[in-house]
Amino acid sequence: MCTSLIASVLAWGPLVQLSYRAQLTELLEDSPQTSEAVITDVRHLLFHGEEALAFDTMCSWIYEDALPVTRRYLARLVALAGEMGTPRSVARLDELLID
């Protein structure tokens with residue numbers, strides 16, 4: 001692989017992280033999660049560049065707290081899990097569908 005291609009690929013890394021961070025922020029704002037402690041934890045993880053852990057944390061607490069989710073919201077979670085390569089994060093959330 002040539003040096004310029006490697007540099008180009010490496011430059012995309014921060015942009016992808018910013019995209020995930022933006023999508024996660026939107027999902028958190030639209031989340032059924034109301035626990036300030038959980039919301040603070042997820043925001044803290046995002047601030048420190050831990051997007052995958054933030055996503056998993058948010059999904060885990062939605063499941064643990066048995067919070068209802070709409071099909072539209074679940075579809076957004078599943079799409080982001082696919083992009084991030086973290087399909088286990090959304091496993092079983094379909095049990096919480098309300099519509």
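Below, all heavy atoms of this structure are taken into account, side chains as well, without hydrogens, waters or symmetry copies.
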A.B. asks: For side chain to side chain contact (heavy atoms under 4.5 Å, CB included), just list the numbers for Asp56 and Thr86, CA-CA rounded to whole Å, side-chain angles, deciding distance to a tenth of an Å, and then say yes or no.
C.D. replies: CA-CA 8 Å; Asp56 189 61; Thr86 59; over 6 Å; no
A.B. asks: Are Val69 and Ile98 in one and the same hydrophobic cluster, where Ile, Leu, Val, Met, Phe, Trp and Tyr link if side-chain heavy atoms are under 4.5 Å apart?
C.D. replies: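 They do not share one cluster, since no chain of ILVMFWY contacts under 4.5 Å joins Val69 to Ile98.
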A.B. asks: Sort and list the pairs that fulfil side-chain hydrogen bond (donor to acceptor under 3.5 Å, both in side chains) and have at least one residue in residues 67-76, not counting sequence neighbours.
C.D. replies: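 Sorted result for residues 67-76: Asp30-Arg76.
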A.B. asks: For Gly49 versus Glu51, what's the shortest heavy-atom pair and its separation?
C.D. replies: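 Distance-wise, the nearest heavy atoms are O-OE1, 2.7 Å.
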A.B. asks: Determine, step by step, whether Met58 and Leu28 satisfy the side chain to side chain contact (heavy atoms under 4.5 Å, CB included) criterion, reporting the C-alpha distance in whole Å, the side-chain angles of both residues, the deciding distance to 0.1 Å, and the verdict.
C.D. replies: CA-CA 7 Å; Met58 182 177 68; Leu28 184 60; 3.9 Å; yes
A.B. asks: Checking Arg21 against Phe47 for the side chain to side chain contact (heavy atoms under 4.5 Å, CB included) test, could you report, in this order, the C-alpha distance in whole Å, the side-chain angles of both residues, the deciding distance, and whether it holds?
C.D. replies: CA-CA 9 Å; Arg21 192 171 305 146; Phe47 179 79; over 6 Å; no
A.B. asks: Between Phe55 and Leu77, which heavy-atom pair has the shortest distance, and what is it?
C.D. replies: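 Looks like CZ-O, 3.4 Å.
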A.B. asks: For the residue pair Leu96 and Leu67, establish whether any side-chain heavy-atom pair is separated by less than 4.5 Å.
C.D. replies: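 A side-chain contact under 4.5 Å is absent here.
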A.B. asks: Quick one: list whatever passes side chain to side chain donor-acceptor pair (under 3.5 Å) with Glu64, sequence neighbours left out.
C.D. replies: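 In terms of side chain to side chain donor-acceptor pair (under 3.5 Å), with neighbours along the sequence ignored, Glu64 is linked to no residue.
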A.B. asks: When you measure from the side chain of Tyr20 to the backbone N and O of Glu83, does any donor-acceptor pair fall under 3.5 Å?
C.D. replies: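 Yes; judged by distance alone, with no hydrogens or angles, the pair exists.
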A.B. asks: Return the OG to CZ distance between Ser60 and Arg92, rounded to the nearest 0.5 Å.
C.D. replies: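 If I round to the nearest 0.5 Å, the distance is 11.0 Å.
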A.B. asks: Test question: given the 4.5 Å side-chain rule for I, L, V, M, F, W and Y, name all other residues clustered with Leu53, or answer none.
C.D. replies: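 So far as hydrophobic clustering goes, Leu53 is joined with Leu45.
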A.B. asks: List the atom of Ser89, the atom of Cys59, and the distance in Å for their closest heavy-atom pair.
C.D. replies: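 Shortest heavy-atom separation between Ser89 and Cys59 comes out as O-CB, 3.0 Å.
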A.B. asks: Would you say the side chains of Glu29 and Thr25 form a donor-acceptor pair under 3.5 Å?
C.D. replies: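 The answer is no; no qualifying pair exists.
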